[in-house]
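Down below is the structure, laid out as structure tokens.
Remember, it's 1-based here, ligands and their atoms both numbered in the order they're listed.
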Amino acid sequence: MVVAPSLYAAPLLRIGDAVRAVTDGGADAVHLDVMDGHFVGPISFGNLIVQAVSAATHLPLDAHLMVSNPVSHLPWLADAGVRGVTIHVEAFEGDQVGVIEAVREIRKRGMRAGVALKPATGVRAIAGLVGELDHVLVMTVEPGSSGQPFMRAMLSKVSEVADRFGHDIEVGVDGGINASTAREALDAGARYLVAGSSVFAASIEGVRGAIDALRTSE
Ligand code: DX5
Ligand code: ZN
């Protein structure tokens, strides 16, 4: 399993301490939620923060793009040394060719390619992408904020994605993941856990314990 803490849930003015805590605390990757204020309401991290995080950790960085024009962000993400980029299929408003081109562009720039599915989006949206993808991120909350409750109804989607594509594609979940919901997601076939508030809610000092709790949920 892969544990990827979401820095979006970390105290912003202690972002450096948060990066150190997840690096020293045994995380496998760092999840960076890039929001443009358009695809979702908030604006979160841009190039400067991502570059600074990249310089501060040896962990792989995975960017989750909640933006309306994902392709325009790929050059700076590649320059920042990001390992993986996950785009939302909904940003393409039904333009399947646009999604395929974007996914190819991610790989062309040397990064792992992922797509994220909002809760209302069905698995059909990725049917034409087999062979093009490294990662599928099933949103288990509506994207846009941390601290929302896990949507248990998404477990059947996780199972469907895992059953159909899990041998070729890493299946992740994002939203409301704690030690208890992690167990349910893992049982459903997820292997990649994004966790924000359950990792950072208590304190920076509690990060290692929270990561351990996710890992031992298996
Ligand atoms: C939500 C983000 C998540 C968020 C998760 O839009 O994609 O990565 O930070 O936070 P929790 O784990 O608190 O739901
Ligand atoms: Zn995310």
Exercise. Flag yes if more than 12 heavy atoms outside E93 fall under 6.0 Å of its CD atom; otherwise flag no.
Key: no
Heavy-atom contacts with [X] under 4.0 Å: which atoms of ligand 1 show up? List them by number with element.
X	value
P143	6 (O)
M139	7 (O)
S6	4 (C), 8 (O), 9 (O)
H31	8 (O)

[X] N/O under 3.5 Å from ligand 1 N/O:
X	result
G196	yes
G147	yes
E142	no
Y8	no
D33	yes
S146	yes

Quiz item: Between the candidates P149, G144, S197, which shows the shortest non-hydrogen contact distance to atom 11 (P) of ligand 1?
Solution: S197
Quiz item: Which of the listed options, S145, A195, G175, holds the heavy atom that is closest to atom 1 (C) of ligand 1?
Solution: S145
Exercise. Look only at the side chain of R83 and the backbone of L61, and say whether a donor-acceptor pair between them is shorter than 3.5 Å.
Key: no
Exercise. Would you confirm whether Q148, through its side chain, and E142, through its main-chain N or O, come within 3.5 Å as a donor-acceptor pair?
Key: yes
Exercise. Sort by chain and number the protein N/O/S atoms found under 2.8 Å from the Zn ion (ligand 2).
Key: H31 NE2, D33 OD1, H64 ND1, D174 OD2
Quiz item: Which residues pass the ring pair (Phe, Tyr, Trp, His ring centres under 6.0 Å) test with Y192, sequence neighbours left out?
Solution: H135
Quiz item: Any idea how F39 and H88 line up, ring-wise: parallel (<30°), tilted (30 to 60°), or perpendicular (>60°)?
Solution: tilted
